[in-house]
Amino acid sequence: MAVERTDFIRDIIEEDLRTGRHDRVVTRFPPEPNGYLHIGHAKSICVNFGVALDYQGKTNLRYDDTNPTKEDVEYVESIERDVRWLGFEPAAVLFSADYFGQMYELAERLVREGKAYVCDLTDEQIREYRGTLSEPGRPSPFRDRSVEENLDLLRRMKAGEFPDGARVLRAKIDMASSNMKMRDPLLYRIRHAHHHRSGDAWVIYPMYDWAHPLEDAIEGITHSICTLEFENNRELYDWVLDNTGPWNPRPHQYEMARLVLDYTVMSKRKLLTLVKDGHVNGWDDPRMPTISGMRRRGYSAEAIRAFCDMIGIAKANSSVDIDKLEYCIREDLNKAAPRVLGVLRPIEVELTGWPGGTEQLDAPFFPPDVGKPGTRAVPFSGTILIDRDDWHDDPPKDYKRLAPGRTVRLRYGYCITADEVVERDAAGGVTKLRATVHLETKGGKNPDGGQKVSGVIHWVDAATSVPVEIRLYEQLFKVPKPEEGGQDFLENINPNSLEVVRGARVEASLAAAEVGARFQLERVGYFVVDPDTTPGALVLNRTITLRGEAVKAAVANAQLTVGVSVSAAGTVSGPATAAAPKNPKAQSRPKTKSPAEQRAEARARDSELAAAFTSLGTTLGEDSADLLAGDRETLGVFRTLASASSDDLAAKWIINELPRVLGDKPIGGIDTAEVGKLFAALQAGTVAPTAGKKALAAIVGGGKTFEAAQADVAAPAIDLGAAIDAVIAANPEKAAQYKAGKTGLLGFFVGQVMKASPNADAAAVNQAVRERLA
RNA sequence: UCGGGGAUCGUCUAAUGGCAGGACAGGAGCCUUUGGAGCUCCCUAUCAAGGUUCGAAUCCUUGUCCCCGAACCA
């Protein structure tokens, strides 16, 4: 059952399984069908299906289709296709809409139990009554309607008697809650709209916060994983389940950080804009971060899954380097994509010394290190095509391709030496060359004439190669963070994100390549056959470049353009993104009251606390006095324990050690008599601090008596020296490292000894280890 | 009457009081019929300041910075 990978979700699951809270794992992937799935969803899919797979559980695909005005069957179809393409099999494909009946029954139950009411306020009034982040809300005037009236109104809402927006059903929770989500949240709204699944059966539709926990509970979901922005919703999620159950299993919501990726945008709204406004050619444009776009781009499901594994699961907001995705794509393609030859912008090369006719060269599909079998015949004759990038009239140093008088090898073929330029275009670019072929160099041999072979270049046979349209893609955005600082992301669109190359040629074996087939055009990049391909008109998308010099140069250029510049006036100015103002929303947020302020306020209200603070301050210092005299419970506990030991000892232990063992429990709940005995022993020195911490945990956390706890932690009568020698003998190399100066290992040795003799006096162990290794 | 979260190499992420580890990116070298791949080595981090402890990324305090919440969206 144990799983190698560790993340906080799996930690929770292991704990739940261990404690018996759940005996199986059921998760769900709950997209709203209002757009196509993107790489961010892929992360969620991999997490939800991945953890279920790890623990032999199951995962439902559930459409969260509670808003008929935004959703569409086109999206429903694309979503299931994408999930399956990614390699996951849903245990069931379900729709929120199919639970509308059950949800409604539960809503009536809430009304009957006086926990929900029909509210006639307008949306504007509801907002007003809700209050603000720092002020409580006010009760709706309709909050105290009778159960009968609420039931009648709810039924008439359902029956379609009222127009859109006339009434809503709200939970009756707490208009003064500091969590805005709990201020009588809306459960149902009226929408006379056609639903893609339920048709016209309903005119009231449940809100997310009502629907989602119920869907989870109905399906028997155990772990409901969503993103960070729903943290505030969790309290309401729990409220709904607690007031509609009992549910078994009872689902719990956990939140993880959503994926943010460089050089792209992820919100469905922005993606929809890109599609609708024609910045890209549809949801499956290879530049889109959608799963369908990436598929068309040539990314494999394996690569995307590897990426999702690589980025991990955590709660910290983060932004992932695009390099990680590209690494996964290349790593997968390197092993999976057969190598073939193709030339983007051809230069014709007429070969001097070729005897005539066409030879079939035998070329492997994979290099030796990939270790996959397979070869194909590549035609070679007197006229070949090479890439413009592989010719330079005046080569820079380190240049490893063709130039006047230079010799290169044609991959899988012969070496040639460039003799003369035959033809140039208007811009001066070479279009035709003449070169001498060295017939003796077949099979990797060097030219007889002793010519130095500069490098290996790719080529195709002029007569038999096939024409192809090649689409070269770059990032859709010019900058890593197109949305940063409230910028209009559309202004950061990269105008060069698509370059169509016509006149390219690929080797004859590709003539019948199927749509979706992936190849490496050697030295050029990875490519996939695009669906736009028609018989005789091949279209190839560049999935990704090879890692190498060309890429590095492009990156260097990009960095140059966004780099810091010095203005004429001599002041240094960065790019717009660097100067971007802080989040204006965050700026408008009021400042939160700190615990220190709250304690100070408590003293202002309570003269006894204030007096205690003053008197304690003189002996313990202001900081300790502040913490101890912040509320009556803490102060009471301190006084009791201090009288059993001393002010100083009680203060240190209450401030530094108690919180850890207390967890969420209130300090007033501890057994001061037993803890008092412990503190007295600590004060007397009959219990060492290390043992004291364990004893404290046993008393406060485990409900033991002091005597029982003390017996548990009694120092063993062991030979410390022997124990230390044993650890050192077991780790001779670490001992050597320590002696060589890696003193950080002291902790390791002390830890090992403590593990072997749990109740030894750590201070003594520390001292003894130090001496023994000196 | 504000509340809820978060901060570890450039980036992502481990370490659950006991060796700050891995991956990506970057650098150097080896190898190579792809300037690919592979191999070797290197660089680089606990937000800050105090405290508790034999020992702190981890516990306590204060401060700083970031994210989320006031849709009849999800």
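Residue numbers begin at 1 in each chain, while the letters A, B, ... track the order of the sequences.
Under the Watson-Crick or G-U wobble criterion, with both distances below 3.5 Å, B:A7 is paired with B:U64. The nucleotide B:C41 finds its pairing partner in B:G27, both defining distances of the Watson-Crick or G-U wobble pair being shorter than 3.5 Å. Remark: B:G17 base-pairs with no nucleotide; criterion is Watson-Crick or G-U wobble with both hydrogen-bond distances under 3.5 Å.
Note on A:Glu32: only backbone sugar-phosphate atoms sit closer than 4.0 angstrom, heavy atoms only; bases stay farther off. A:Arg599 comes within 4.0 angstrom of sugar-phosphate atoms only, judged by non-hydrogen atoms across all strands, and of no base. Residue A:Tyr738 is classed as having no contact, given no heavy-atom separation below 4.0 Å to the nucleic acid. Base engagement by A:Asn233 is indicated by at least one non-hydrogen atom pair under 4.0 Å involving a base atom. Within 4.0 Å (heavy atoms only), A:Thr69 reaches no atom of the nucleic acid at all. Nucleic acid contact class of A:Glu255 (heavy atoms, under 4.0 Å, all strands): none. Counting non-hydrogen atoms under 4.0 angstrom, A:Pro659 reaches the backbone sugars and phosphates but no base. Counting any heavy atom pair closer than 4.0 Å across all strands shown, A:Asp398 reaches a base atom. Residue A:Ile457 is classed as having no contact, given no heavy-atom separation below 4.0 Å to the nucleic acid. Contacts of A:Ile311 with the nucleic acid, taken as non-hydrogen atoms under 4.0 Å apart, involve only primed sugar atoms and P, OP1 or OP2. Across all strands shown, A:Arg411 has heavy atoms under 4.0 Å from base atoms, whether or not it also approaches the sugar-phosphate. Within 4.0 Å of A:Leu341, counting heavy atoms only, lies no atom of the nucleic acid at all. Nucleic acid contact class of A:Gly443 (heavy atoms, under 4.0 Å, all strands): base. Within 4.0 Å of A:Tyr63, counting heavy atoms only, lies no atom of the nucleic acid at all.
Between A:Glu15 and A:Arg18 a salt bridge is recorded (basic side-chain N to carboxylate O distance below 4.0 Å). For the pair A:Asp390 and A:Arg523, the salt-bridge criterion is met [side-chain N within less than 4.0 Å of a carboxylate O]. Using a 4.0 Å cut-off between charged nitrogen and carboxylate oxygen, A:Glu215 and A:Arg62 count as a salt-bridge pair. The pair A:Glu326-A:Arg547 does not count as a salt bridge, with every side-chain nitrogen at least 4.0 angstrom from each carboxylate oxygen. By the 4.0 Å N-to-carboxylate-O rule, A:Arg191 lies too far from A:Asp164 to be salt-bridged with it. Remark: A:Lys315 engages A:Glu255 in a salt bridge, criterion side-chain N to carboxylate O under 4.0 Å. Between A:Lys652 and A:Glu657 there is no salt bridge, since none of the side-chain N atoms of the basic residue sits less than 4.0 Å from a carboxylate O of the acidic one.
When the side-chain nitrogen and oxygen atoms of A:Arg130 are compared with OP1 and OP2 of B:C72, one or more of them lie within a distance under 4.0 Å. Phosphate contact (OP1/OP2 of B:G35, side-chain N/O of A:Arg401, threshold under 4.0 Å): absent. OP1 or OP2 of B:G3 sits under 4.0 Å from a side-chain N or O of A:Gln598. Under 4.0 angstrom from either OP1 or OP2 of B:A71 there lies no side-chain N or O belonging to A:Arg269. Contact between the side-chain N/O atoms of A:Arg258 and the OP1/OP2 oxygens of B:C68 is not found at any separation under 4.0 Å. Dashed line: the shortest gap from a side-chain N or O of A:Thr66 to OP1 or OP2 of B:C73 is not under 4.0 Å. The shortest distance between the side-chain N/O atoms of A:Ser318 and the OP1/OP2 oxygens of B:U13 is below 4.0 Å.
In this model, a side-chain donor or acceptor of A:Asn232 finds a partner on the base of B:G3 within 3.5 Å. Looking at A:Asn179, its side chain has no donor and acceptor atom pair within 3.5 Å of the base of B:G4.
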Quiz item: For every nucleotide of nucleotides 37-45 of chain B, 5' to 3': is a protein heavy atom under 4.0 Å from its base (B), only from its sugar-phosphate (S), or from neither (-)?
Solution: B--------
Self-check item: Contact state string [nucleotides 14-21 of chain B, B base, S sugar-phosphate only, - no protein heavy atom under 4.0 Å]
Solution: SSBBBB--
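In this structure, the side chain of A:His192 engages the main chain of A:Phe162 through a donor-acceptor pair within 3.5 Å.
Across all non-hydrogen atoms, the minimal contact from A:Phe142 to A:Tyr117 is O-CD1, 3.4 Å.
Taking syn as a glycosidic angle within 90° of 0, B:A71 qualifies as syn.
With A:Phe748 as the aromatic partner, A:Lys734 meets the cation-pi criteria of under 6.0 angstrom to the ring centre and within 45 degrees of the ring axis.
A:Glu331 and A:Tyr327 are linked by a side-chain donor-acceptor pair at a separation below 3.5 angstrom, with hydrogens and angles left out of the test.
The side chain of A:Lys652 has B:U52 as its nearest neighbour among B:G3, B:U62, B:U52.
Listed by chain and number, the residues in a side chain to side chain contact (heavy atoms under 4.5 Å, CB included) with A:Glu522 are A:Arg339, A:Leu341, A:Arg411, A:Tyr412, A:Gln520 (sequence neighbours excluded).
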